[in-house]
A.B. asks: 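So that we are looking at the same thing, I have put the structure below in structure tokens.
Just so we're on the same page: letters track the sequence lines, and every chain starts at 1.
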Amino acid sequence: MTQVGGHTERVRQRTHEGFLRYKGFRWAQFATALCVLAIGAYFVTATRLGRPPSGNSWLGYTLGTVSAGLIVWLACLGVRKRWITDHHYSLKAWVSAHVYLGLSLVVLATLHTGFQFGWNIHTLAYVLMMLVIASGAVGIWAYATLPSQLSHNRGETTRKQMLESLEKLDQQIHDVAQPLDRHGAAIARLSIELTEIGGGFWTRLTNRHGDCANRRALEQLRALPSSASARQAEALTKIEELMQQKAEVLALARRQMQITAMLEAWLFVHIPATFALLAALTAHIISVFAYW
Amino acid sequence: MSELYKIAIVGSGPAGMSAAAHAAKKGLSHVLLEKTDHLSDTIFRYQKGKHVMATPSVLVLRADCQFDAGKREKILAQWNEDTRTAGVNVKFKADVKSITGEQGAFTIELTRGEPVRAENIILAIGTQGNPNLMRCDGAGLPHVQYQLDDPGEYTDEHIFVIGSGDAGIENALGLAADAGQGNTVTIVNRSADFARAKKANVDNLMATRDSGRMTIMTETTPSLVEAGWITVDTPQGSSRYKCDRIIARMGASPPRKFVEACGVAFASDSPTAFPTLTPTFESTKPGIYVIGALAGYPLIKHCMNQGFDVVEYISGTDNLEPADEPLLKDKLKGLPGQRSVAEWLEFLRSRVEILNGLSPLQMREFLLDSEVRAYSPGDAIFIRNDQGSSLFGIAEGAVAVEVDPANPRITVPIGAGSIFGEVGLISGRRRGSTIRASEPTICVEIPRMAALKLMAQVPEARDTVNRITTERQVLQIFKSGLTPEDIKDVLAGAEVMEVRPGQAIINEGDVSDDLYIIRSGSMIVEKNLGGKPVFMSYVPAGSYSGEMAMIERTPRVATVKAAIRSQVVKLPAEPFRQLLERKPELAKRMRNEMQARREVNAFIEEQKEEFGGAVDMYSSVANFLIKQGIGEATDVLLIDESLCVGCDNCERACADSHDGLSRLNREAGTTFANIHVPTSCRHCEHPHCMSDCPPNAIRRGPDGEVFISDACIGCGNCQRACPYGVIQMDKPPPPKPSLFSWMLFGAGPGPGQPDYEWRKKAAKAGGAESPKLAIKCDMCSGKAGGPACVRACPTGAAIRVSPDAFLSVARIDKGAG
Ligand SMILES: Cc1cc2nc3c(=O)[nH]c(=O)nc-3n(C[C@H](O)[C@H](O)[C@H](O)COP(=O)(O)OP(=O)(O)OC[C@H]3O[C@@H](n4cnc5c(N)ncnc54)[C@H](O)[C@@H]3O)c2cc1C
Ligand code: HEM
Ligand code: HEM
Ligand code: SF4
Ligand code: SF4
């Protein structure tokens with residue numbers, strides 16, 4: 001029996017749940033179970049051995065291998081995120097597993113070390129791992145709290161529209177400034193030519209634009225002695241209005257950039273530390289085998 | 001008396017020009033009348049540098065002018081050259097006003113100059129129509145113009161632009177753009193706002209006014225034009241202004257009136273109907289022939305072939321093999337029966353009832369759009385819940401409809417000559433039941449656009465389809481083993497009604513008891529709770545409403561109104577009640593369904609009392625989505641802004657799975673509470689974009705996706721037709737280095753849509769000109785994983801939903817989030 005015009009069998013996701021609650025916290029449960037199992041095994045072995053099992057017991061090797069495997073897999077998220085393949089996968093599921101399994105490393109890797117820390121490459125790997133995890137936790141905080149601020153702040157204005165309305169305001173300031181004298185024209189130029197919307201990452205993150213050219217221009221404009229010519233005076237009032245509008249759009253755009261920067265900032269620790277961790281981990285594994 | 005030509009050709013587009021060139025080559029006495037001062041005005045008006053496509057590529061060109069895909073300029077130059085060497089007798093600025101007389105002695109009146117006389121006339125005026133003219137005194141003065149080619153042409157003038165659409169606004173903005181030109185520009189709008197224009201244009205207009213570079217006059221109409229002056233009526237009274245130039249952009253009216261005035265009849269009253277023609281393109285007025293876009297063939301190649309053919313026919317040839325013969329042959333090969341193309345055409349035309357009224361010429365064109373298929377007994381023609389909006393006609397054999405999904409052995413037969421699939425055609429919803437061939441069967445599958453065209457051309461076909469649709473829809477909705485015989489009385493009083501968006505078919509509290517079937521579009525049910533209308537449910541096409549009052553004889557308990565433009569069938573209550581008495585099974589079924597609906601209502605009412613906030617939220621989110629046109633969507637991308645971190649991975653995934661161009665603009669679009677509707681295709685039930693696509697390139701795929709095939713010629717009609725602004729015209733960037741060479745060596749622009757600079761550089765390096773084509777979401781058509789945007793969202797913010805699933809009460813529990 002032929003089926004003409006049947007469906008291509010495609011996976012459709014219709015459920016609406018965030019990555020943290022994915023499939024009823026499936027990965028949180030899995031990670032918890034893993035930790036409980038590890039802790040149980042650790043204490044059983046510890047009582048049997050009489051001393052804490054360290055990296056070179058069978059439990060240590062198992063935990064170490066599991067941890068190292070997890071770390072490599074966790075790092076692969078960077079690839080999965082950008083590798084858009086045709087078959088079915090869900091990045092949401094990946095991130096959900098990433099978060100909970102990543103957190104479980106706190107237990108797994110710590111048990112692996114047998115609490116034997118020192119000033120060595122092994123502990124460096126451990127510290128780096130904790131750094132990655134801590135930054136990840138900051139990321140979760142950011143992902144959980146910032147999106148609604150991001151959405152409220154912009155309303156229905158897009159980034160592009162913000163830039164366009166700034167351009168338009170500049171054009172209007174330029175047009176209205178035609179009848180101004182040299183001094184007035186210089187103020188208009190200051191706002192048009194020297195206003196920086198964003199700036200470096202740090203400026204965007206802190207949202208400190210103390211020397212914003214538009215603000216300075218506004219101040220200078222307000223300090224100007226009242227003009228004799230009516231035409232001038234009218235143009236100046238109009239420009240003040242426009243600059244005020246520009247200041248408002250700037251504030252909106254900058255706040256938007258600040259939230260976006262906050263949503264990204266933790267990744268600037270998370271990703272480089274991941275690379276450092278992978279290097280230190282390799283060194284650790286090689287060194288323990290060489291020492292053996 | 002002036003010379004009597006053998007052939008006069010009106011309009012010098014590809015169709016008319018090709019006819020004239022062939023007449024010239026054959027040495028026939030002829031004249032080509034063109035209203036503008038250049039050939040082929042439609043193509044002349046394409047935007048500069050547009051890449052013109054020569055589709056369908058399988059069709060051979062048969063003409064005395066050359067035509068190959070290429071730049072507009074090159075093609076126009078080629079045609080100028082071709083008509084010159086062929087020795088075409090062309091008259092420019094010859095705007096034909098009327099045609100009188102009979103075959104052998106027609107008189108053609110022009111707006112300017114001597115009338116022209118001819119034995120035969122070829123009408124090839126396209127579908128552009130004429131601009132609406134100013135009606136006040138002095139409107140005929142030379143400084144009134146209806147088109148603006150180059151705004152940079154005019155300096156230091158006082159210019160008035162009349163009109164409030166995009167064309168007028170764009171002209172006015174163009175004239176005011178460069179302050180250096182020193183123009184004083186005023187735009188005059190009859191109404192108070194610019195409701196018909198795009199928002200971006202209106203914003204731009206207001207900004208230009210605010211900076212003092214333009215004057216806007218609303219609620220104003222011109223009343224008198226004099227050399228150098230214009231007088232307008234404003235709400236404050238009438239005033240006179242200095243005015244050197246008037247640009248009137250008040251829309252265009254289609255050429256149908258003019259054509260009818262020439263004595264040519266159209267197939268029906270439908271605005272999409274074309275003139276009735278014989279196989280030789282002769283209209284109902286002997287001696288007047290109609291070809292090209294006006295005859296319903298909008299592709300340049302078709303137009304040019306017809307120009308050639310029609311001149312052959314006029315000069316007496318009757319054994320010309322039509323140019324599309326090889327296409328049809330190809331389409332029909334492999335079918336049983338060994339018929340020639342002509343035999344097939346006649347076979348289908350005479351066997352399938354709704355095709356009976358087609359002429360052989362229409363039949364040819366019809367078959368180019370349709371498919372003929374043969375099925376063995378047991379073959380499924382379509383499966384329940386398939387997406388599909390095509391109509392099937394049975395030419396031979398019979399099919400069986402599996403009416404009960406639980407038991408495929410219960411079937412209803414449909415025999416030769418009849419049609420099926422009409423419910424999908426009308427409602428745009430998924431197929432309601434599986435249909436299999438019950439004996440060796442030959443069917444013709446008619447895609448939705450072709451079916452609509454057929455219904456517009458042949459009124460009897462439209463009536464047949466409508467009658468069968470109503471009957472089958474009633475049977476399908478109420479099931480319960482009803483037969484056409486059972487519902488005869490009910491259908492006798494049935495009335496098909498068009499409903500405007502927001503118009504109520506049922507008002508809460510009213511005493512009325514008719515039953516309604518939603519045939520196309522969708523309805524929302526609202527109930528007044530605590531003084532506020534609360535959204536209760538969403539009723540998609542293919543279901544019914546109004547059963548409570550009908551069964552229980554009580555006043556209406558809720559208001560039912562159209563979410564979008566809809567069609568409903570009103571069934572009178574009395575015959576239906578009698579039907580219920582005769583069919584206890586149906587009565588039971590309807591009571592059960594009524595009970596379920598009542599429980600939903602009760603649940604919402606109860607929730608409203610206890611947690612008013614959640615219900616209000618649910619209700620207002622639902623209303624917001626309906627306002628965004630979700631009522632006509634089949635599958636729409638939504639973003640939960642409480643989860644979206646703005647990483648734009650969805651856009652990147654879209655670009656990377658579609659030749660490097662994102663079809664989705666996440667930020668753009670509207671937001672309510674935490675629900676954001678980004679600018680992305682909703683795969684409408686009845687896609688507006690399909691309505692006027694010359695090569696019929698927009699189709700619906702097996703998963704319900706509306707996609708644009710590579711037949712697209714880049715005309716931009718769909719972009720204008722889509723009310724949601726989701727279609728862009730663009731050319732795909734050259735391929736970029738792989739993800740891994742980017743990750744490891746930083747090669748190329750990285751994931752996502754490459755930036756403009758990179759594209760420009762890479763395109764230059766690649767050489768080869770590529771056309772800008774229409775691009776939009778295809779729901780990742782054919783990709784096993786489904787839509788990439790949803791798969792690639794790290795937080796689960798991006799979801800794709802269908803309205804009936806999304807607007808369900810289940811959402812109240814989750815706080816409507
Ligand atoms: C933007 C755009 C892009 C397109 N791109 C393509 C493409 O790439 N490939 C393709 O195959 N098709 C394309 N098309 C479709 C194609 O251009 C038209 O269907 C085709 O031009 C129709 O040809 P025609 O000869 O029937 O009429 P037209 O080309 O419309 O020509 C009609 C001519 O008649 C003249 N005329 C009208 N009324 C009168 C009158 N009363 N008296 C005298 N003269 C009159 C007009 O001035 C005009 O010159 C495109 C259409 C558009 C709008
Ligand atoms: C394949 C995976 C791993 C193997 C085979 C392995 C092996 C070992 C061994 C043999 C020891 C004991 C060394 C000793 O007693 O001197 C050890 C200790 C240790 N391991 Fe691992 N390990 C692995 C993964 C990890 C991971 C993922 C981490 C954490 C990031 C880690 C951190 C440590 C630390 C901090 C110690 C204690 C070092 C010390 O004793 O001074 N190891 N590991
Ligand atoms: C050792 C453990 C971990 C490693 C090696 C690791 C590594 C990575 C890497 C490589 C990425 C990809 C970043 C990118 O390319 O954009 C990433 C993303 C992320 N990680 Fe981790 N991570 C670890 C633990 C954690 C933990 C414990 C959390 C949470 C508590 C976490 C939360 C996240 C989040 C939220 C993202 C962003 C997902 C996205 O927006 O695409 N990570 N991590
Ligand atoms: S991928 Fe998801 S989180 Fe990222 S921008 Fe798109 S919707 Fe928002
Ligand atoms: S392109 Fe526009 S009109 Fe066409 S299906 Fe998508 S949303 Fe509807």
A.B. asks: Nearest 0.5 Å, what's the NE2-CZ distance between A:H87 and B:R791?
C.D. replies: 8.0 Å
A.B. asks: With a 4.5 angstrom heavy-atom cut-off, which part of A:W83 approaches chain B: side chain, backbone, both or neither?
C.D. replies: both
A.B. asks: Quick one: does any side-chain atom of B:N674 pair with a main-chain N or O of A:S148 as donor and acceptor, under 3.5 Å?
C.D. replies: no
A.B. asks: Looking at A:P147 and B:V645, what are the two nearest heavy atoms and their distance?
C.D. replies: CG-CG1, 3.9 Å
A.B. asks: Select, from A:I173, A:D86, A:T85, A:T145, the one with the greatest count of heavy-atom pairs under 4.5 Å involving chain B.
C.D. replies: A:D86
A.B. asks: Pick from A:R154, A:Q172, A:Q171: which one has the most heavy-atom pairs with chain B under 4.5 Å?
C.D. replies: A:R154
A.B. asks: Has A:F275 got more than 12 heavy atoms of other residues, nucleotides or ligands less than 6.0 Å from its CZ?
C.D. replies: no
A.B. asks: Sort B:A788 into side chain, backbone, both or neither according to what part of it lies under 4.5 angstrom from a heavy atom of chain A.
C.D. replies: side chain
A.B. asks: Just how far is it from atom NE2 of B:H676 to atom CD of A:E156, taken to the nearest 0.5 Å?
C.D. replies: 8.0 Å
A.B. asks: Counting only non-hydrogen atoms closer than 4.5 Å, does A:R21 touch chain B with its backbone (N, CA, C, O), its side chain (CB onward), both, or neither?
C.D. replies: neither
A.B. asks: What residue pairs, at least two apart or across chains, pass salt bridge (Lys or Arg N to Asp or Glu O under 4.0 Å) with a residue in residues 163-176 of chain A?
C.D. replies: A:K160-A:E164, A:D170-A:K246, A:D175-B:R213
A.B. asks: So how far is it from B:S642 OG to A:Q149 CD, rounded to the nearest 0.5 Å?
C.D. replies: 13.0 Å
A.B. asks: Pick from B:L638, B:T670, B:D656: which one has the most heavy-atom pairs with chain A under 4.5 Å?
C.D. replies: B:T670
A.B. asks: Does A:R82 use its side chain to pair, donor to acceptor, with the backbone of B:G750 at less than 3.5 Å?
C.D. replies: no
A.B. asks: Where is the tightest heavy-atom contact between A:G78 and B:M743, given as atom of each residue plus distance?
C.D. replies: O-CE, 3.6 Å
A.B. asks: Pick whichever of A:V176, A:V95, A:T158 has the most heavy-atom pairs under 4.5 Å with chain B.
C.D. replies: A:T158
A.B. asks: Nearest 0.5 angstrom please: A:S151 OG to B:L643 CG, how far?
C.D. replies: 11.0 Å
A.B. asks: Report the distance from atom SG of B:C644 to atom CG of A:L263, rounding to the nearest 0.5 Å.
C.D. replies: 9.0 Å
A.B. asks: Tell me, for A:I84 versus chain B, whether the close heavy atoms (under 4.5 Å) come from the side chain, the backbone, both or neither.
C.D. replies: side chain
A.B. asks: Side chain, backbone, both or neither: which part of A:L150 has a heavy atom under 4.5 Å from chain B?
C.D. replies: side chain
A.B. asks: Would you check if the side chain of A:E17 reaches a backbone N or O of B:G796 as a donor-acceptor pair within less than 3.5 Å?
C.D. replies: no
A.B. asks: Is the count of non-hydrogen atoms from other residues, nucleotides or ligands lying under 6.0 Å from A:E234 atom CD greater than 12?
C.D. replies: no
A.B. asks: Between A:F19 and B:P794, what is the shortest heavy-atom contact and its length?
C.D. replies: CB-O, 3.5 Å
A.B. asks: If every non-hydrogen atom of B:R666 is compared with every non-hydrogen atom of A:R159, which pair is closest and at what distance?
C.D. replies: NH2-NH2, 3.9 Å
A.B. asks: To the closest 0.5 Å, what do you measure between CG (B:L739) and NZ (A:K81)?
C.D. replies: 12.5 Å
